[in-house]
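Take a look at the structure set out below.
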Amino acid sequence: MEGLMLRLERAVTRLEQMSVNIQTTSSMANGDCVNGIDGGTSQCVDAFNVLLSGPVSDYLSKSRAIGSEVEKHAELVHNALQTQKTFLKMAATHQEPSKTELHDLMKPISDHIQEIQNFRERNRGSSLFNHLSAVSESIPALGWVAVCQKPGPYVKEMNDAATFYTNRVLKDYKETDRRHVDWVRSYLSIWTEMQAFIKQHHTTGLVWSKIAPSAPCPPPPPPPPPGPPPVFTDDDPQSQVDSAAAQHSALFAQLNQGMDITRGLKRVSDDQKTHKNPNLRSQAAPTKTKSSGAATSSKAAAQKRPPLLELEGKKWRVENFEQKHDLLIEETELKQVAYVFGCNNSTLQIKGKINSIIIDNCKKLGLVFENVVGIVEIINSKAIQLQVLGTVPTLSINKTEGCQVYLSKDSLNCEIVSAKSSEMNILVPTGDDDYREFPVPEQFKTVWSGSKLVTEPTEIAG
């Protein structure tokens with residue numbers, strides 16, 4: 001990953017050597033970054049360095065104290081933040097390039113995010129999986145540089161996604177190992193400080209150098225090869241909005257377009273600097289129009305992956321099925337996991353005993369299984385029906401709309417954890433083929449007791 005960061009740094013260095021006495025400044029009233037003629041770092045980059053030397057450094061230290069996969073994961077996060085620092089330095093010394101060129105410049109950040117999330121997927125059997133999940137779910141926050149308006153709330157949303165898993169870490173370790181409690185505090189503080197940094201320096205979006213209207217854009221590049229498919233590909237446009245995580249994945253999938261990394265960047269001369277030419281400040285920004293052709297082309301380029309049901313190592317992969325109601329996994333082992341992704345209007349049955357099951361980005365899916373020794377997770381899904389025939393210790397429902405869970409008599413002790421979900425119902429057996437339905441609370445009331453906050457479920461009367 002160091003190579004990705006170095007590539008971006010070298011590109012900036014080459015550009016800086018192309019002309020002499022290049023400097024970029026902008027009005028401090030607007031919170032812009034400022035660079036000195038001596039090549040010193042900009043104020044916003046200095047502030048980013050404070051974040052790296054403070055919360056990030058503390059997070060690395062706490063991760064090393066835990067060791068194992070957590071320490072390795074932390075190094076990947078550190079590399080990603082270093083690459084973002086390089087990107088911010090470049091933004092402070094160049095005008096904003098075209099969208100295509102911008103996508104290419106942000107690709108190293110996208111690659112880091114993908115690597116961090118893949119690390120979590122490769123270590124699903126780890127005892128520190130909740131730590132890895134907290135990082136994996138929140139690391140798309142680095143994509144704030146691509147958010148056009150008010151990126152701070154976007155970072156907060158990603159931070160909230162991390163707390164779902166950090167709460168699990170606290171539950172498991174708060175009475176037994178203080179190192180993990182300190183780790184949670186240090187990691188969440190990164191994104192809290194990132195929000196403060198954005199609010200001060202990039203309140204309404206990433207700040208580039210302010211210059212005169214841009215020159216005509218170069219001819220468009222040839223179409224890129226097809227990237228990963230969108231999470232949902234059915235005709236329902238609302239499904240594209242059902243999951244924030246799906247939107248983030250689609251965003252960074254679009255960034256994987258190849259071009260010369262330095263192409264389209266333009267230097268800033270003295271007569272183009274707003275602090276030396278006040279009349280430039282009053283000039284209206286160039287009007288940007290949306291191209292319907294580009295949207296149509298992007299949609300046409302998306303290709304749907306073929307359905308897949310296969311055992312890959314110790315993971316059963318069930319992906320991209322439509323209108324398939326006889327899916328069956330029969331030969332299972334205790335160490336195996338099942339990952340169900342992008343299946344719509346389908347039914348899956350899993351026999352025997354398995355370690356864990358993950359349902360991700362599915363719609364109108366029915367799942368029947370016998371025994372799970374770990375956890376069943378439902379993430380970013382809609383209209384899920386799940387039936388337990390044997391036992392399962394933990395059920396997690398996260399970012400899901402509509403979930404019906406039929407418990408068996410042997411699974412009544414199941415622990416159910418939910419977050420950012422709605423329309424959840426648990427059906428408990430009362431006799432032969434009879435169930436009683438209980439809704440899972442979605443609203444809560446919090447009051448100050450005089451010494452602490454007390455939260456309890458609340459119901460709407462009427």
Side-chain angles (χ1 to χ4, degrees), residues 124 232 234 239 242-243 307-311 314-442:
R124 282 193 166 270
F232 292 103
D234 59 355
S239 63
D242 284 340
S243 163
L308 174 70
L309 196 164
E310 69 175 14
L311 179 61
K314 295 179 181 179
K315 179 197 291 188
W316 283 99
R317 295 176 56 190
V318 185
E319 302 176 2
N320 307 312
F321 281 98
E322 299 276 353
Q323 300 287 347
K324 187 72 172 177
H325 296 284
D326 57 353
L327 299 172
L328 175 64
I329 297 177
E330 194 167 13
E331 299 178 1
T332 58
E333 296 179 3
L334 188 58
K335 295 182 179 181
Q336 293 175 349
V337 301
Y339 181 63
V340 187
F341 174 82
C343 294
N344 299 326
N345 296 297
S346 299
T347 304
L348 169 66
Q349 182 178 2
I350 301 178
K351 294 186 177 182
K353 184 177 291 187
I354 198 168
N355 183 275
S356 62
I357 302 173
I358 299 99
I359 300 174
D360 188 3
N361 289 310
C362 294
K363 183 177 180 181
K364 295 182 181 179
L365 174 74
L367 171 66
V368 182
F369 65 90
E370 294 182 359
N371 297 288
V372 169
V373 298
I375 186 173
V376 174
E377 291 188 74
I378 304 171
I379 309 170
N380 302 326
S381 296
K382 188 173 183 179
I384 303 298
Q385 291 197 12
L386 185 151
Q387 183 172 6
V388 188
L389 301 180
T391 61
V392 57
T394 306
L395 173 65
S396 170
I397 308 172
N398 189 19
K399 299 179 185 176
T400 293
E401 294 183 14
C403 184
Q404 298 277 108
V405 179
Y406 293 81
L407 296 177
S408 66
K409 292 181 179 180
D410 295 330
S411 62
L412 295 179
N413 292 328
C414 174
E415 181 182 85
I416 301 169
V417 181
S418 61
K420 295 185 178 181
S421 298
S422 61
E423 302 175 34
M424 299 171 288
N425 294 288
I426 309 300
L427 292 95
V428 177
T430 58
D432 295 337
D433 298 326
D434 291 328
Y435 289 86
R436 183 180 177 186
E437 183 176 88
F438 295 89
V440 177
E442 300 174 25

Kindly compute the distance separating [atom1] ([X]) from [atom2] ([Y]), expressed to the nearest 0.5 Å.
| X | Y | atom1 | atom2 | value |
| --- | --- | --- | --- | --- |
| K351 | E330 | NZ | CD | 4.5 Å |
| I426 | I416 | CD1 | CD1 | 3.5 Å |
| D326 | Q349 | CG | CD | 10.5 Å |
| C403 | I397 | SG | CD1 | 4.0 Å |
| L327 | L309 | CG | CG | 6.0 Å |
| W316 | I358 | CH2 | CD1 | 15.0 Å |

Legend entry - E437 vs Q404, side-chain contact (heavy atoms from CB on, under 4.5 Å): CA-CA, chis, key distance, verdict: CA-CA 9 Å; E437 183 176 88; Q404 298 277 108; 3.4 Å; yes
Legend entry - Any residue meeting side chain to side chain contact (heavy atoms under 4.5 Å, CB included) with K364, in chain and number order, not counting sequence neighbours: N345, A383
Legend entry - Positive for side-chain contact (heavy atoms from CB on, under 4.5 Å) with L365, one of L386, V340, T347, V318: V340
Inset, instruction - Pick out which of I357, I354, I350 makes a side-chain contact (heavy atoms from CB on, under 4.5 Å) with I329. - result: I350
Legend entry - Atom NZ of K420 with >12 non-hydrogen neighbours under 6.0 angstrom: yes
Legend entry - Residue E331 excluded, over 12 heavy atoms near CD under 6.0 Å: no
Please report the shortest heavy-atom distance between [X] and [Y], naming the atom on each side.
| X | Y | value |
| --- | --- | --- |
| I384 | C362 | CD1-O, 4.0 Å |
| Y435 | L427 | CD2-O, 3.7 Å |
| L407 | C414 | CD2-CB, 4.5 Å |
| F321 | L308 | CE1-O, 3.1 Å |

Donor-acceptor check, side chain of [X] to backbone of [Y], threshold 3.5 angstrom: yes or no?
| X | Y | value |
| --- | --- | --- |
| S408 | G390 | yes |
| S421 | K399 | yes |
| N380 | D360 | no |
| E370 | G352 | yes |

Legend entry - pair T400-S418: side-chain heavy atoms closer than 4.5 Å: no
Legend entry - For D434, salt bridge (Lys or Arg N to Asp or Glu O under 4.0 Å) partners two or more places apart: none
Legend entry - The single option from N413, N371, D410 passing side chain to side chain donor-acceptor pair (under 3.5 Å) against T391: N371
Legend entry - Residue from K363, Q323, E322, K382 passing side chain to side chain donor-acceptor pair (under 3.5 Å) with N344: E322
All N/O donor-acceptor pairs, side-chain side in residues 372-379, below 3.5 Å, sequence neighbours left out:
| unit_1 | atom_1 | unit_2 | atom_2 | d |
| --- | --- | --- | --- | --- |
| E377 | OE1 | Y165 | OH | 3.1 |

Inset, instruction - Please assess Y339 against E319 for the test side-chain contact (heavy atoms from CB on, under 4.5 Å), listing each intermediate value before the final yes or no. - result: CA-CA 8 Å; Y339 181 63; E319 302 176 2; 4.3 Å; yes
Legend entry - Short N-O contact, K335 and E333, less than 4.0 angstrom: no
